[in-house]
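Bear in mind the structure is a predicted one, so any value in this text is a computation, not a measurement. By convention in this document, chain letters (A, B, ...) are assigned in the order of the sequence lines, proteins followed by strands, and residues within each chain are numbered from 1.
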Amino acid sequence: MSTKPEAIDGRYDFKTLEAKWRPLWEKLGLYQTGNDPNKPKKYILDFFPYPSGEGLSVGHCRNYVPTDVISRYYRSRGFNVMHPMGWDAFGLPTENAAIKLKAKPAELTAKFTANYKRQMSLIAASYDWSREINSSTPEYYRWTQWIFLQLYHSWYDQRKNRARPIAELEKELAATGTKNISLPSGVQALTPQEWQALSIKQKKDFLSNFRLAYRAASAVNWDPVEKTVLANEEVVDGRGWRSGALVERKVLQQWFFRITAYADRLEKDLDTIDWPESIKAMQRNWIGRSEGAEVDFKTEAGNLRVFTTRPDTLWGATFMVLSPEHPFVAQLTTSAQRAQVEQYVAAAKAQSEIARAAEEREKTGVFTGSYAINPVNDEKIPIWIADYVLMGYGTGAIMAVPAHDERDFAFARKFNLPIRVVIQPKEQKLLVDEMTEAWPHDGVMINSGHFDGTPADEAVNKVTAWLEQTGKGVRRVNYKMRDWLISRQRYWGTPIPIVHTDTLGEVPVATEQLPVVLPDVPNYEPTDTGESPLALIDEFVNITLPDGTQGRRETDTMGTFACSSWYFLRFASPRTDKVAFENDQVNYWLPVDLYVGGAEHAVMHLLYARFWTKALHDLGYVPFVEPFTVLRNQGMLLSYDNQKMSKSRGNVITPDAVAEAQGVDALRAYILFLGPFDAESKWEETGIKGVSRFLNRYWVVAQEFASVKFVEPSDERERAFKRIMHATIKRVTHDIENFQFNTAIAALMEFMNFFYECRREQEVVGVSQAMWREGLEAFTRLLAPICPFIAEEVWQEVLGHKGGSVHQQTWLSYDESALAVDEITIVVQVNGKLRDNLTVSINAGEDSIKQLALASEKVQKFIAGKAVKKVIVVPKKLVNVVVG
RNA sequence: GCCGGGGUGGCGGAAUUGGUAGACGCAAGGGACUUAAAAUCCCUCGGUUACUAAAGUGACCGUGCCGGUUCGAUUCCGGCCCUCGGCACCA
């Protein structure tokens with residue numbers, strides 16, 4: 001049987017082509033990462049997927065096809081291209097599926113990834129599979145554990161604004177104590193002697209206040225369905241982002257990464273990267289930087305510190321509000337108020353902060369019975385407790401300025417607390433009795449002592465400077481972002497490499513002892529106890545340290561976002577078992593030149609990966625501070641019914657089905673042709689017909705090439721043919737580089753339409769065989785990255801290039817002189833309205849064009865009887881006659 | 001409420017720096033081929049309207065709305081409206 005496909009009813013047999021070329025390309029190793037030292041590099045990366053049992057839909061192709069086209073393009077432009085793929089294989093969905101199927105997660109993962117890989121090969125995604133990685137293998141997670149330990153052994157030195165080894169902090173504590181160190185709130189200052197006097201365990205506890213990876217008791221988000229805690233980033237509207245369950249508040253010992261230490265740099269460096277504005281905005285919003293001041297108010301329990309972004313409204317503070325969790329609550333509560341306060345605090349405790357914020361609007365609160373002294377005017381103001389003040393932000397206490405803050409206003413009105421205007425707007429005079437809402441906007445300071453009359457634009461700065469001078473307050477920046485909670489009480493994740501002991505406190509596992517292997521066990525269902533199922537496996541938990549100390553292993557695992565925070569580094573040297581990544585490889589390949597994936601990871605993966613990169617940079621492991629130079633988000637692909645594709649709706653379109661019906665080349669071309677890369681689009685069955693027709697037309701032209709007759713050659717026709725050929729090269733090149741794949745395909749369609757214009761039954765008119773061939777070759781090479789199969793078939797079988805694959809050819813460059821034309825069309829307008837066209841020589845001077853335009857009958861008609869005021873001539877484009 | 005995108009034919013969308021709005025494709029209508037259908041090929045295709053026997057030739061309107069800048073605005077500026085996405089008691 002011949003492998004040469006036959007045209008069937010003018011349609012080409014895509015299946016035979018695909019079966020023919022796929023194995024040959026594999027043999028050629030076309031997709032191997034380049035390593036020519038003389039070439040520049042491109043690292044083109046897709047978000048590595050979470051393999052699930054559902055497999056890939058055409059929606060995933062919206063991600064993988066464009067990056068594949070770009071990878072193929074840059075290979076042919078002479079770059080060393082690394083385009084790898086791997087699996088974010090740990091995590092809840094696989095584990096939940098495994099529990100349901102009574103299988104082992106590792107076995108399911110193998111099954112799922114094999115299917116993904118098959119589908120990716122089906123659509124001809126040009127991944128270098130020799131670099132495939134899987135985050136759930138010990139070869140990989142060993143190094144996730146290693147990075148965890150690097151963070152554990154580090155602290156953030158605010159003075160140098162970078163992370164440093166914790167050993168350097170210990171040295172400093174021994175020498176000078178905490179004298180020069182900025183202490184987190186609630187941490188006691190120490191002299192060198194006091195430090196020395198601490199036990200090993202106490203020292204460790206103290207250092208936990210500084211480490212980039214630390215364990216602390218904290219009120220956390222507990223997902224009762226997934227039976228694990230979640231990071232703040234994983235809670236959306238008070239619900240777990242995957243399970244949809246309302247999260248509960250639990251106080252548990254948990255592991256955190258101190259991402260807040262990097263808040264400032266994470267925000268500032270956004271300015272240096274080429275990312276979608278929306279993602280940057282989401283990260284800025286999540287980081288939530290606010291500038292303001294901290295001010296102390298005297299109370300019975302000591303100085304009550306508050307944070308405010310409006311120090312200019314200090315004179316308008318008429319009461320204070322503490323968060324229910326504030327440490328002063330007990331002391332400030334008078335016996336008369338005690339019962340009421342305790343009841344309120346208990347109720348608040350039951351809800352997580354996020355759920356509390358998401359659900360409540362109506363203000364609630366209770367009076368403590370105590371008062372504070374406002375340091376700017378020595379006024380005595382009542383102290384209340386309310387859950388609209390969050391312990392996790394600022395100091396957990398606020399001064400309430402009801403006249404100029406909506407929340408305080410609502411609270412004051414509800415509990416009948418006084419309101420005082422201290423900012424007078426220009427537009428109106430605020431009268432307390434008539435106010436229905438706060439005035440949080442601009443104005444002039446009043447009722448504020450010697451600051452009266454200070455205008456809005458100066459007020460905050462002037463007051464802050466005065467607070468600092470008089471020692472009443474300090475300038476301060478706060479962030480909404482909290483530390484990243486990494487513990488999960490689940491089996492299918494990277495074990496946290498820590499051992500707990502009674503005498504030595506927590507002991508990190510030594511690097512050479514890694515990995516801490518996840519035990520292969522038959523039962524791993526999550527528990528309701530707040531403890532990981534690993535805690536039930538004695539062989540895993542109990543350990544004797546080298547010095548004989550008895551210990552218990554940490555049984556929490558890391559959330560999967562730890563795995564994905566460094567995988568892009570691993571691809572540079574995926575097989576080494578000596579290090580997490582080889583420096584020379586990382587220095588060559590990183591940062592990632594193009595990173596493509598969905599927008600849903602804006603404040604999760606994309607934030608975490610930036611944080612790890614910065615930390616690794618500070619510790620000297622990588623030379624760059626941003627992992628992804630260019631980020632692009634593909635638009636969502638909706639199904640034919642305008643809904644998201646999902647199994648439950650039964651509207652998922654698989655690449656398998658499309659490949660079966662229309663072929664992979666048509667699938668790829670249609671994915672790109674649908675619309676702009678980053679716009680939401682809809683899959684339409686009729687739409688793919690257009691690109692199918694286009695490929696068939698190309699096939700027809702190619703197939704008849706050997707037999708067709710070339711008649712009536714003309715210079716003019718040939719020049720026109722050559723012109724559109726070079727124009728197409730120019731357009732396709734520009735469009736691929738700029739992610740405008742839809743117009744790249746439109747350009748190719750126009751070129752093919754021109755082929756058809758030259759064509760008659762078994763004849764090509766006006767163009768020589770040599771020129772026709774040149775055009776067909778150019779078309780084939782431009783189409784190759786988009787439709788690799790049909791292009792290869794035409795290249796080798798029709799055009800007879802036996803030397804190698806079309807995918808190994810150097811990209812075409814266009815000839816500017818071929819684009820030149822002798823005659824051009826000049827548009828003639830009268831008062832900006834189109835009235836005529838002129839065809840003139842390209843060399844026609846401005847004057848002669850002007851004369852021609854004025855002489856035009858159609859123009860004359862419109863200027864008759866009017867004065868010509870001005871004539872504007874735009875060279876090579878238009879003439880506009882202005883009449884009055 | 002705040003932040004970030006978008007609003008262009010029946011539909012998806014084009015329009016490198018302000019310069020012929022609607023490329024390319026889908027759908028639709030007409031025609032050719034065919035016993036027929038599919039496929040294929042050719043033509044028409046923003047709206048209103050005038051002239052003409054007709055092929056055709058014009059005019060006016062038109063890129064969410066109102067206004068501005070300009071010889072000229074889908075493009076720039078100001079003010080609105082609608083819509084999608086994100087955040088939302090963060091002091």
Side-chain angles (χ1 to χ4, degrees), chain A residues 8-11 236-237 276-286 288-290 292 306-310 313 321 353 356-358 360-363 386-390 392-401 404-408 410-411 440 478-482 599-600 602-603 636 670 673-676 678-682 684-691 693-694 696-697 700 730-731 734-735 738 740 742-750 752-753 756 759 761 825-837 858 861 869-872 874 876-883:
Chain A
I8 304 165
D9 293 340
R11 308 191 122 252
V236 179
D237 293 338
E277 229 13 80
S278 57
I279 301 285
K280 289 194 193 184
M282 280 155 89
Q283 291 211 350
R284 282 198 191 94
N285 189 24
W286 187 261
R289 179 190 162 94
S290 321
V306 301
F307 173 71
T308 176
T309 56
R310 293 292 304 275
T313 63
V321 187
E353 266 190 9
R356 199 159 93 189
E360 294 214 10
R361 288 262 139 191
E362 181 74 3
K363 294 280 178 291
D387 66 5
Y388 80 90
V389 175
L390 308 174
Y393 181 77
T395 62
I398 61 158
M399 63 165 189
V401 185
H404 306 292
D405 181 280
E406 286 173 37
R407 297 148 301 181
D408 299 344
F411 195 83
N478 259 320
Y479 300 92
K480 287 186 207 169
M481 184 170 61
R482 318 284 167 85
E600 66 273 14
V603 294
M636 173 122 52
Y670 183 52
F673 188 62
L674 274 171
D678 55 358
E680 182 177 277
S681 337
K682 189 176 144 189
E684 303 208 52
E685 285 305 327
T686 53
I688 197 169
K689 269 167 65 179
V691 293
R693 275 183 199 146
F694 158 66
N696 277 314
R697 282 152 71 88
V700 167
K730 185 178 182 178
R731 287 171 68 186
H734 170 270
D735 289 352
N738 290 281
Q740 292 161 352
N742 54 335
T743 50
I745 289 173
L748 286 166
M749 285 172 165
E750 284 182 57
M752 186 44 59
N753 289 345
Y756 264 64
R759 231 176 118 252
E761 189 78 12
T825 302
I826 298 277
V827 171
V828 184
Q829 300 178 331
V830 176
N831 283 352
K833 285 192 177 171
L834 177 69
R835 297 303 178 192
D836 201 3
N837 290 312
K858 290 168 184 168
K861 219 169 87 184
K869 281 188 184 164
K870 200 173 359 171
V871 179
I872 287 150
V874 181
K876 296 180 188 178
K877 284 213 169 119
L878 62 66
V879 178
N880 191 9
V881 181
V882 186
V883 293

> Counting any heavy atom closer than 4.0 Å, what does A:Ala281 reach on the DNA or RNA strands: base, sugar-phosphate only, or nothing?
Replying inline: sugar-phosphate

> Whole-Å distance between B:rU20 C1' and A:Leu878 CG?
Replying inline: 8 Å

>> Restricting to non-hydrogen atoms, name the atom on A:Val827 and the atom on A:Leu834 that form the minimum distance, rounded to 0.1 Å.
In response: CG1-CD1, 3.1 Å

> What integer distance in Å separates A:Trp286:CH2 from B:rG86:P?
Replying inline: 13 Å

> With a 4.0 Å cut-off on heavy atoms, is A:Lys858 in touch with a base, just the backbone sugar-phosphate, or nothing at all?
Replying inline: sugar-phosphate

> When the P atoms of B:rG6 and B:rG56 are considered, how many whole Å apart are they?
Replying inline: 41 Å

>> Roughly how many Å apart are B:rU16 and B:rA36, using the P atom of each and rounding to a whole number?
In response: 48 Å

> Expressed in whole Å, how much space separates the C1' atoms belonging to B:rA53 and B:rA37?
Replying inline: 39 Å

> With rounding to whole Å, what would you report as the distance between B:rC66 and B:rA73 at their C1' atoms?
Replying inline: 15 Å

> Hey, is B:rG67 sitting syn or anti, using the within-90° cutoff around 0?
Replying inline: anti

> Taking a pair as Watson-Crick or G-U wobble with both distances under 3.5 Å, which nucleotide is matched to B:rC51?
Replying inline: B:rG56

> Among the nucleotides B:rC61, B:rU20, B:rA91, which one has an atom lying closest to any side-chain atom of A:Lys833?
Replying inline: B:rC61

> Which whole-number value in Å describes the distance from A:Asp405 CG to B:rA88 P?
Replying inline: 18 Å

> Quantified in whole Å, what is the P atom distance between nucleotide B:rC71 and nucleotide B:rC82?
Replying inline: 35 Å

> Any donor-acceptor pair under 3.5 Å linking the side chain of A:Asn478 with the backbone of A:Ser290?
Replying inline: no

>> Can you tell me whether the side chain of A:Asn880 and the base of B:rC71 have a donor-acceptor pair closer than 3.5 Å?
In response: yes

>> The side chain of A:His734 is closest to which nucleotide in this list: B:rC26, B:rU16, B:rG58?
In response: B:rU16

> Base, sugar-phosphate, or nothing for A:Arg289, non-hydrogen atoms under 4.0 angstrom?
Replying inline: nothing

> When we call it a touch if two heavy atoms are under 4.0 Å apart, what does A:Glu750 touch: a base, just sugar-phosphate, or nothing?
Replying inline: sugar-phosphate

> Of all the choices, B:rC3, B:rG19, B:rA91, which nucleotide is nearest to the side chain of A:Leu390 once you look at every atom?
Replying inline: B:rA91

> Given that A:Lys730 and A:Thr825 both sit by RNA chain B, which one's nearest nucleotide is further toward the 5' end?
Replying inline: A:Lys730

>> What contact category does A:Lys689 fall into here, base, sugar-phosphate, or nothing, at under 4.0 angstrom with non-hydrogen atoms?
In response: sugar-phosphate

> How close or far is atom P of B:rA50 from atom NZ of A:Lys861, stated in whole angstroms?
Replying inline: 17 Å

> Roughly, in whole Å, what's the span from CG in A:Leu748 to C1' in B:rA23?
Replying inline: 14 Å

> Quick check: does any side chain N or O of A:Gln740 sit under 3.5 Å from a backbone N or O of A:Pro676, one acting as donor and the other as acceptor?
Replying inline: no

> Which part of the nucleic acid, if any, lies within contact of A:Val827, taking any heavy atom under 4.0 Å across all strands shown: a base, the sugar-phosphate backbone alone, or nothing?
Replying inline: base

>> Please give me the minimum heavy-atom distance between A:Val306 and A:Met399, naming the atom from each residue.
In response: CG1-N, 3.8 Å

> Who does B:rG46 pair with, Watson-Crick or G-U, both distances under 3.5 Å?
Replying inline: B:rC61

>> Below 30° counts as parallel, above 60° as perpendicular, anything between as tilted: where do the rings of A:Tyr393 and A:Phe307 land?
In response: perpendicular

> So which nucleotide from B:rU16, B:rC87, B:rU17 ends up closest to the side chain of A:Lys877?
Replying inline: B:rU17

>> Given 3.5 Å as the limit, does a donor-acceptor pair link the side chain of A:Arg310 with the main chain of A:Pro440, or not?
In response: yes

> In the structure shown, which nucleotide is the Watson-Crick or G-U wobble counterpart of B:rA88, with both distances under 3.5 Å?
Replying inline: none

> Relative to the 5' end of RNA chain B, which residue comes earlier, A:Arg731 or A:Gly832, by the nucleotide with the nearest heavy atom?
Replying inline: A:Arg731

>> Taking B:rA59 as the reference, what is the distance to B:rA21 when you measure between their P atoms (whole Å, please)?
In response: 13 Å

Dump the pairs, protein N or O against N or O of nucleotides 41-44 of chain B, anything under 3.5 Å, distances to one decimal.
residue, atom, partner, partner atom, Å
B:rC41, OP1, A:Arg697, NH1, 3.0

> Considering only the C1' atoms, how many Å lie between B:rC26 and B:rU20, rounded to the nearest integer?
Replying inline: 25 Å

> Are A:Asn837 and A:Thr825 close enough that a side-chain donor and a side-chain acceptor fall under 3.5 Å?
Replying inline: no

> With A:Tyr479, which residues qualify under ring-ring contact (aromatic ring centres under 6.0 Å, His included), at least two apart?
Replying inline: none

> Roughly how far, to the nearest 0.5 Å, is the NZ atom of A:Lys689 from the CG atom of A:Asn696?
Replying inline: 12.5 Å

> Is the phosphate of B:rA91, meaning OP1 or OP2, less than 4.0 Å from a side-chain N or O of A:Tyr393?
Replying inline: yes

> For A:Asn831 and B:rC60, what is the distance between atoms CG and C1' respectively, to the nearest whole Å?
Replying inline: 16 Å

>> What is the distance, to the nearest angstrom, from the CG atom on A:Asn478 to the P atom on B:rA91?
In response: 8 Å

> Think A:Lys870 has a side-chain N or O under 4.0 angstrom from the OP1 or OP2 of B:rC71?
Replying inline: yes

>> Under a 3.5 Å distance rule, please check whether A:Asn831 uses its side chain to pair with a backbone N or O of A:Val883 as donor and acceptor.
In response: yes

>> Using a 3.5 Å distance criterion without hydrogens, assess whether the side chain of A:Asn738 forms a donor-acceptor pair with backbone atoms of A:His734.
In response: yes

> Can you tell me if the side-chain N/O atoms of A:Asn753 get under 4.0 Å from OP1 or OP2 in B:rG25?
Replying inline: yes

> Atom CD1 of A:Ile279 to atom P of B:rG5: distance rounded to whole Å?
Replying inline: 12 Å

>> Tell me if the CD atom of A:Glu685 is crowded by more than 12 foreign heavy atoms within 6.0 Å.
In response: yes

Taking only nitrogen or oxygen atoms into account, show me every contact under 3.5 Å that the protein makes with nucleotides 13-15 of chain B, one pair per line with its distance.
residue, atom, partner, partner atom, Å
B:rA14, OP1, A:Asn742, ND2, 3.1

> Quantified in whole Å, what is the P atom distance between nucleotide B:rG30 and nucleotide B:rU83?
Replying inline: 39 Å

> Between B:rG4, B:rC24, B:rC89, which nucleotide has the shortest distance from any of its atoms to the side chain of A:Met749?
Replying inline: B:rC24

> Should B:rG12 form a Watson-Crick or G-U wobble pair with both distances under 3.5 Å, which nucleotide is its partner?
Replying inline: B:rC24

> Is the NZ or CZ atom of A:Arg697 positioned over A:Phe694's six-membered ring, under 6.0 angstrom from the centre and within 45° of the axis?
Replying inline: no

>> Could you report the tightest heavy-atom contact between A:Met282 and A:Val603, atom names first, then the distance?
In response: O-CG1, 3.5 Å

> Taking only side-chain nitrogens and oxygens of A:Ser290, does any of them come within less than 4.0 Å of OP1 or OP2 of B:rA91?
Replying inline: yes

> If we call it a pair only when both distances are under 3.5 Å in a Watson-Crick or G-U wobble match, what pairs with B:rG67?
Replying inline: B:rC77

> Looking at B:rC71, does its base get a donor-acceptor pair with the side chain of A:Lys869 below 3.5 Å?
Replying inline: no

> Which base sits across from B:rC41 as a Watson-Crick or G-U pair, both distances under 3.5 Å?
Replying inline: B:rG31

